Participant: 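Below you will find the structure I want to go over with you.
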Amino acid sequence: MTDEHAETPIDDPLVAARIEKYRAGAERGGYPYRFDRTDLAAELHERYADLEPGAETGVEATVAGRLMNVRDMGRLAFGVLQDVSGRIQLFVSKAVLGDEGFADFLHLDSGDWIGATGEVIATRKGELSVRVSSVTLLAKALRPLPDKWHGLKDVEARSRRRYVDLMVNEDSRAVALTRARVISELRRQFEDRGFIEVETPVLLSQATGATARPFTTHHNALDIDLSMRIATELFLKRLVVGGIERVFEIGRIFRNEGVDSTHNPEFTMLEAYQAFADYTDIMDLIEAVFSAVAVAATGSAALTYQGRLLDLTPPFRRARLIDLVAEAVGEDVSMDTPIEQLRALASRRGVAVDASWGSGRVLFEMYEELVEDGLWDPTFVTDYPKEVSPLARAHRDDPELTERFELVIAGSEYANAFSELNDPFDQRKRFEAQAAARAAGDDEAHPVDEDYLRALEYGLPPTGGLGIGVDRLVMLVTDRKHIREVILFPTMRPEQ
RNA sequence: GGGCCGCUAGCUCAACCAGGCAGAGCACUCGGCUCUUAACCGAGGUGUUGUGGGUUCGAUUCCCACGCGGCCCA
């Protein structure tokens with residue numbers, strides 16, 4: 001065949017036959033550049049829900065979509081047309097279309113994009129249909145659809161060829177649409193509260209604001225190495241310094257780390273900062289936002305996740321991290337517990353501790369190892385040790401702790417928030433402690449951000465801030481247990 | 001990074017354990033059928049068995065390496 005189609009697998013007889021039809025169509029006048037549709041499938045189903053079997057409406061409709069299936073009865077055929085809203089049956093009869101028109105319809109292949117016009121009717125069996133009087137082939141599908149019953153199941157193929165997954169697996173379409181609803185609702189929740197949406201840089205000379213390894217790249221014209229952001233935190237707080245008192249960003253974050261059921265190297269985070277608020281205000285805010293998102297996505301704040309009831313109706317449980325650890329180990333612990341005693345307790349419970357860690361880090365690790373997995377109902381885990389919270393403000397009642405919380409649902413973290421550290425002197429000390437950890441070999445410790453310190457020196461008002469993992473939130477409301485199911489094109493090694 | 005598992009027709013899967021002509025359903029082609037809903041009935045061809053090597057008279061099957069993916073662990 002010609003070089004023009006060298007990349008298509010014309011050795012495959014299924015494809016070769018379709019290419020022939022494609023060329024015949026091209027020679028017969030080509031394919032349209034646009035098409036006027038009057039109705040979506042779902043709109044017709046809604047409007048004519050009560051049509052009696054055999055009823056004729058006298059109303060003409062023009063629909064368009066992908067032809068998914070044809071059932072040929074001889075002088076009558078039924079087609080299934082799928083558009084973005086759903087499916088509608090095409091009632092195709094030789095009596096209406098004539099011999100040639102009917103033959104042309106049967107000449108179509110499943111997968112083709114078509115437009116069809118005709119009267120809206122209900123068949124004798126009661127199926128709402130368009131009784132087709134004219135058909136237009138809008139675009140030819142050269143490749144066959146997967147099995148009409150089993151669809152495309154292979155996880156790798158579904159991820160790599162999401163377009164095929166979307167056309168044949170209704171679940172995948174539903175997740176994609178729900179994700180859009182979640183993000184839309186998140187945006188609405190924050191906008192309605194007066195938050196201003198901004199965009200901050202992805203390319204940075206130094207990635208800060210979280211404990212993570214960045215991707216690095218190079219800017220040729222400037223001849224400088226750049227990192228991709230691992231958080232938006234410090235830029236958003238600079239904007240609060242600048243006077244944007246309520247600010248948020250929904251943006252892609254990049255972390256150069258492994259891929260597993262809850263981690264993709266690029267993922268979506270929402271961060272928001274509210275001047276004059278503390279972390280208890282942020283808890284109230286998160287409760288309202290999470291329940292609203294659940295309702296927007298599923299119709300109810302009470303969900304089923306992985307077969308188990310999960311109620312996101314406020315208020316959520318609030319529990320101090322230290323109290324949860326004490327409960328788990330069966331004895332009182334606090335920041336005053338001697339470090340040797342904490343280490344002994346940790347190792348007795350199988351929690352590995354590093355000699356360089358202080359009490360705060362040991363308690364934090366014990367929480368992560370012994371407590372977090374077991375928290376099913378939404379829980380604000382509060383008052384994290386200062387040692388593991390370099391950007392959170394010291395707790396007003398205990399200088400060894402911070403006013404920080406994480407929201408844990410079904411054993412995983414969904415949000416991280418604090419009363420923001422706004423004291424430039426304290427912030428510098430925290431950065432220096434991080435720098436020391438970095439020097440000691442912790443390459444995920446935060447670097448010192450001098451410009452951020454300079455911003456704090458102009459004055460950050462008392463501020464509450466939060467970060468929400470959007471992908472995980474979508475997983476929660478769509479009942480998916482793998483992040484790749486909620487990311488349309490998850491990160492994968494190249495094929496071949 | 002480690003362990004285990006998978007990769008066979010366009011899709012969903014057999015055959016592999018114990019080596020002997022690579023199969024089924026859907027899709028596709030042809031024929032039949034004016035009310036189907038995964039339509040049905042009859043007939044027909046599906047192929048670099050992920051890639052490369054080894055053992056063997058003979059490899060989808062056994063062995064090795066590699067690639068891609070999955071699950072679990074770190």
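Sequence lines set the chain letters: A, B, ... in the order given, protein chains first and strands last, and positions in each chain run from 1. Quick caveat: nothing in here was measured; it's all calculated off a predicted structure.
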Participant: Given the P atoms of U61(B) and G52(B), what is the spacing between them in whole Å?
Facilitator: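 Pairwise P distance, U61(B) against G52(B), rounds to 13 Å.
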Participant: Can you build the contact string for nucleotides 30-35 of chain B? Use B for base contact, S for sugar-phosphate-only contact, and - for no protein heavy atom under 4.0 Å.
Facilitator: ---BBB
Participant: Under 4.0 Å: is that the gap between some side-chain N or O of Lys153(A) and OP1 or OP2 of G69(B)?
Facilitator: no
Participant: With a 4.0 Å limit, can you tell me whether Arg143(A) has a side-chain N or O closer than that to the phosphate oxygens OP1/OP2 of A27(B)?
Facilitator: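 Answer is no, no contact under 4.0 Å.
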Participant: Considering only atom C1', compute the distance from A9(B) to G47(B) and round it to an integer number of Å.
Facilitator: 5 Å
Participant: Once you apply the 3.5 Å cut-off to both distances, tell me the Watson-Crick or G-U wobble partner of C35(B), or none.
Facilitator: none
Participant: When the C1' atoms of C33(B) and A39(B) are compared, how many Å lie between them, rounded to an integer?
Facilitator: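 Going atom to atom, C1' in each nucleotide, I get 11 Å.
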Participant: Under 3.5 Å, is there a donor-acceptor pair between the Thr268(A) and Arg179(A) side chains?
Facilitator: yes
Participant: Between C66(B) and C21(B), how far apart are the two C1' atoms, rounded to whole Å?
Facilitator: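 Looking at atom C1' only, C66(B) and C21(B) are 31 Å apart.
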Participant: Between Asp109(A) and Lys21(A), is there a side-chain N and carboxylate O pair less than 4.0 Å apart?
Facilitator: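 Yes, this pair counts.
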Participant: Return the set of residues passing side-chain contact (heavy atoms from CB on, under 4.5 Å) with Val259(A) (not counting sequence neighbours), or none when no residue passes.
Facilitator: Pro265(A)
Participant: Looking at C11(B), which nucleotide sits across from it as a Watson-Crick or G-U wobble partner, both distances under 3.5 angstrom, or is there none?
Facilitator: G25(B)
Participant: Quick check on the 6.0 Å ring-centre criterion: do Phe78(A) and Phe91(A) meet it?
Facilitator: yes
Participant: Can you tell me which nucleotide in C11(B), A39(B), C68(B) comes closest to the side chain of Pro146(A)?
Facilitator: C11(B)
Participant: Is there a Watson-Crick or G-U wobble partner for G69(B) with both distances under 3.5 Å, and if so, which one is it?
Facilitator: C5(B)
Participant: So which one's nearest nucleotide on RNA chain B is more toward 5', Thr491(A) or Val80(A)?
Facilitator: Val80(A)
Participant: Given G10(B), C26(B), C68(B), identify the nucleotide with an atom nearest to the side chain of Pro144(A).
Facilitator: G10(B)
Participant: I'd like to know if Asp147(A) reaches the base of G25(B) with its side chain such that a donor and an acceptor end up less than 3.5 angstrom apart.
Facilitator: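 When only heavy-atom distances are counted, Asp147(A) does reach the base of G25(B) through a donor-acceptor pair under 3.5 Å.
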Participant: Using atom P in both nucleotides, what's the gap between C11(B) and C5(B) to the nearest angstrom?
Facilitator: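 The answer is 25 Å between these two P atoms.
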Participant: For nucleotides G23(B) and C16(B), find the distance between their C1' atoms and express it as a whole number of Å.
Facilitator: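 It comes out at 14 Å once rounded to the nearest Å.
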Participant: For nucleotides 5-7 of chain B, print each protein N/O atom paired with a nucleotide N/O atom at under 3.5 Å, atom names and distance only.
Facilitator:
none

Participant: Side chains of residues 357-369 of chain A: which donor-acceptor partners sit under 3.5 Å, not counting sequence neighbours?
Facilitator:
residue	atom	partner	partner atom	Å
Arg361(A)	NE	Glu365(A)	OE2	3.1
Tyr367(A)	OH	Glu372(A)	OE2	3.3

Participant: My understanding is that a pair needs two contacts under 3.5 Å, Watson-Crick or G-U wobble. By that rule, which nucleotide pairs with C62(B)?
Facilitator: G54(B)
Participant: Would you please name every residue forming a ring-ring contact (aromatic ring centres under 6.0 Å, His included) with Phe290(A), sequence neighbours left out?
Facilitator: none
Participant: Within the pair Lys148(A) and A38(B), is there a side-chain N or O less than 4.0 Å away from OP1 or OP2?
Facilitator: no
Participant: Using the P atom in both, what is the distance from A22(B) to C41(B), to the nearest Å?
Facilitator: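 Rounded to whole Å, the distance is 29 Å.
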Participant: Could you pull out the protein-nucleic contacts involving nucleotides 71-74 of chain B (nitrogen or oxygen on both sides, under 3.5 Å)?
Facilitator:
residue	atom	partner	partner atom	Å
C71(B)	OP1	Arg484(A)	NH2	3.1

Participant: Give none if C16(B) has no partner; otherwise give the nucleotide forming a Watson-Crick or G-U wobble pair with it, both distances under 3.5 Å.
Facilitator: none
Participant: Looking at G42(B), which nucleotide sits across from it as a Watson-Crick or G-U wobble partner, both distances under 3.5 angstrom, or is there none?
Facilitator: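 Matched G42(B) with C30(B) under the 3.5 Å cut-off.
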Participant: Just N and O in the side chain of Arg493(A): are any of them under 4.0 Å from OP1 or OP2 of G69(B)?
Facilitator: yes
Participant: Distance between the C1' atoms of G25(B) and U8(B), in whole angstroms?
Facilitator: 15 Å
